[in-house]
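Remember, it's a predicted structure, so these values are computed and weren't measured experimentally. All chains are named by letter (A, B, ...) in the order of the sequence lines, taking the proteins before the strands, and each is independently numbered beginning at 1.
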2 protein chains.
Amino acid sequence: MIDKFIEILREHNLKKTPKRIAILQLLESQSTYISPLELWDILKQQFTRIGLPTVYRILQQFQEIGIVASIQKEDNQLYYFLCSTQQDHHHFICRKCHKVSCVEYCDFDTIKQLVENQLQSKAETHFLQIEGLCKECRDS
Amino acid sequence: MIDKFIEILREHNLKKTPKRIAILQLLESQSTYISPLELWDILKQQFTRIGLPTVYRILQQFQEIGIVASIQKEDNQLYYFLCSTQQDHHHFICRKCHKVSCVEYCDFDTIKQLVENQLQSKAETHFLQIEGLCKECRDS
DNA sequence: TGATAAACAAAAATCATTTTCATTTAGAAT
DNA sequence: ATTCTAAATGAAAATGATTTTTGTTTATCA
Ligand SMILES: [Mn+2]
Ligand SMILES: [Mn+2]
Ligand SMILES: [Zn+2]
Ligand SMILES: [Zn+2]
């Protein structure tokens, strides 16, 4: 699976570096969202030298090339998670374990119509995020 | 209309102060979202002494008592607008003039079912924000 | 085995937001 | 009207996330 991402890196002239690979592996091992600082704390155990700006930069680049996506939280900080599905879709977030799951559902056409009818405005984009408890967290 | 808000302030033991009234009037005169800094810049023309923390504080309090709401932007900064509708609804935002309109539509039941079926998870809350061009901006 | 562009660490800078604290004010009670 | 008290405020400093800068190192390719 990592190989697929390395290939995407190459396509975008991004080199295959130990830091990038480690970040990809970490993001893949857990399907949860994570902040640059949290990621840095984990990476510091693997690397004697690793700067926080590097973590920020890599996550930004990953987002630009469509490997990761970000979530919106009340605290207005950055949180990323692995998501390379290009198709229009949304995310379900577990408020307890922070796991992120893709939701294959989009009712944008209905919304578009509604905005057109109610407000005579043109809806172009939308952002939907669902929160709750994942299968595991809701049972336990 | 301002009187209604003053009443809400009183209900929450918040005093009717010149700064609070000015902010309410400004928010009401334009139906656009605004950042604390932008609001401060305008208020500085009316008041010889007005601190930025005051603007932050008042907007926060207004949000807590349900007079204003905030929007989510890519830059992760705070933006507020007047919205005292308590009913579950969403917002349409004009990307050009920053006007915010309430959208009377919510399909949460469908989403809930879908999340239950697809992920066996429990959807509790959701956030939807629609962007585009408002009636005026799309015509011009 | 170079050459070269990209990646990196470290330190400092930036900048939005919050905290602290001394002073002022709104609103209620005399 | 005067006094009282909790709430509100301004100024300055603190905080903390994110970004920029710069000199050095590294991955990739010829
Ligand atoms: Mn959708
Ligand atoms: Mn809804
Ligand atoms: Zn969970
Ligand atoms: Zn507009």
Side-chain angles (χ1 to χ4, degrees), chain A residues 2-3 5-26 33-65 67-68 70-80, chain B residues 2-3 5-26 33-65 67-68 70-80:
Chain A
I2 292 289
D3 291 344
F5 293 124
I6 308 294
E7 175 56 28
I8 298 174
L9 290 185
R10 183 174 294 107
E11 284 167 14
H12 290 269
N13 290 320
L14 296 180
K15 292 174 179 171
K16 173 185 170 182
T17 69
K19 313 287 165 69
R20 286 198 179 124
I21 294 168
I23 289 179
L24 281 173
Q25 283 171 338
L26 277 168
Y33 68 80
I34 192 167
S35 71
L37 198 76
E38 288 165 343
L39 198 46
W40 188 45
D41 278 336
I42 300 173
L43 290 165
K44 276 190 288 190
Q45 297 167 12
Q46 291 179 47
F47 297 93
T48 41
R49 317 181 95 232
I50 170 109
L52 184 52
T54 299
V55 180
Y56 273 93
R57 240 181 291 127
I58 290 177
L59 288 171
Q60 256 176 215
Q61 293 164 333
F62 282 4
Q63 183 167 37
E64 279 161 17
I65 65 178
I67 285 181
V68 307
S70 57
I71 70 150
Q72 295 290 340
K73 283 233 302 177
E74 288 287 313
D75 63 10
N76 276 8
Q77 286 175 216
L78 294 169
Y79 294 92
Y80 295 96
Chain B
I2 293 289
D3 291 345
F5 294 125
I6 308 292
E7 176 56 29
I8 298 175
L9 290 185
R10 184 175 293 107
E11 285 167 13
H12 290 269
N13 290 320
L14 296 180
K15 292 175 178 170
K16 173 186 170 182
T17 69
K19 311 289 162 70
R20 286 197 180 126
I21 293 167
I23 288 179
L24 281 173
Q25 284 172 336
L26 278 169
Y33 67 80
I34 193 166
S35 71
L37 198 75
E38 288 165 343
L39 198 46
W40 189 45
D41 278 336
I42 300 173
L43 290 165
K44 276 190 289 190
Q45 298 167 11
Q46 291 179 50
F47 298 94
T48 40
R49 315 182 96 231
I50 169 107
L52 185 52
T54 299
V55 181
Y56 272 93
R57 255 179 316 218
I58 290 178
L59 289 171
Q60 254 176 220
Q61 293 164 333
F62 282 3
Q63 183 167 38
E64 279 160 16
I65 66 178
I67 286 180
V68 307
S70 57
I71 71 150
Q72 295 291 341
K73 283 232 303 177
E74 288 287 312
D75 64 9
N76 276 8
Q77 287 175 215
L78 294 170
Y79 294 92
Y80 295 95

Show every salt bridge (charged side-chain N to carboxylate O under 4.0 Å, His left out) that has at least one partner inside residues 8-18 of chain A, sequence neighbours left out. A:Glu7-A:Arg10
Name every residue in residues 44-59 of chain B that has at least one heavy atom under 4.0 Å from any atom of DNA chain D, in order of residue number, or write none if there are no such residues. B:Arg49, B:Ile50, B:Gly51, B:Pro53, B:Thr54, B:Arg57, B:Ile58
To the nearest 10°, let me know how far the axis at one end of the helix from C:dT1-D:dA30 to C:dT30-D:dA1 is tilted from the axis at the other, five pairs an end. 30°
Spell out protein contact along nucleotides 25-30 of chain C as letters: B when the base is contacted, S when just the sugar-phosphate is, - when no protein heavy atom is under 4.0 Å; keep the 5' to 3' order. -BS---
According to a strict under-4.0 Å criterion, is B:Gln60 in side-chain N/O contact with OP1 or OP2 of C:dT18? yes
What pairs of donor and acceptor atoms, side-chain ones from residues 51-64 of chain A against any protein atom, are under 3.5 angstrom apart with sequence neighbours left out?
from: A:Gln61; atom 1: OE1; to: A:Arg20; atom 2: NH2; distance (Å): 3.1
from: A:Gln63; atom 1: NE2; to: A:Ser70; atom 2: OG; distance (Å): 3.0

Partners meeting ring-ring contact (aromatic ring centres under 6.0 Å, His included) with A:Tyr33 (sequence neighbours left out): A:Tyr79, A:His98
Whole angstroms only, please: what is the CZ-P distance between A:Phe62 and C:dA6? 17 Å
Going 5' to 3' on DNA chain D, which nucleotide is the first and which the last to come under 4.0 Å of a heavy atom in chain B? D:dA6 to D:dA12
Partner of A:Ile34 by side chain to side chain contact (heavy atoms under 4.5 Å, CB included), out of A:Leu26, A:Ile42, A:Ile23: A:Ile42
For DNA chain C, the residues among residues 34-42 of chain B that have a non-hydrogen atom under 4.0 Å from it: none
For residues 38-53 of chain B, which residue pairs pass the salt bridge (charged side-chain N to carboxylate O under 4.0 Å, His left out) check, not counting sequence neighbours? B:Asp41-B:Lys44
For A:Asn13 and C:dT4, give me the distance from atom CG to atom P, rounded to whole Å. 17 Å
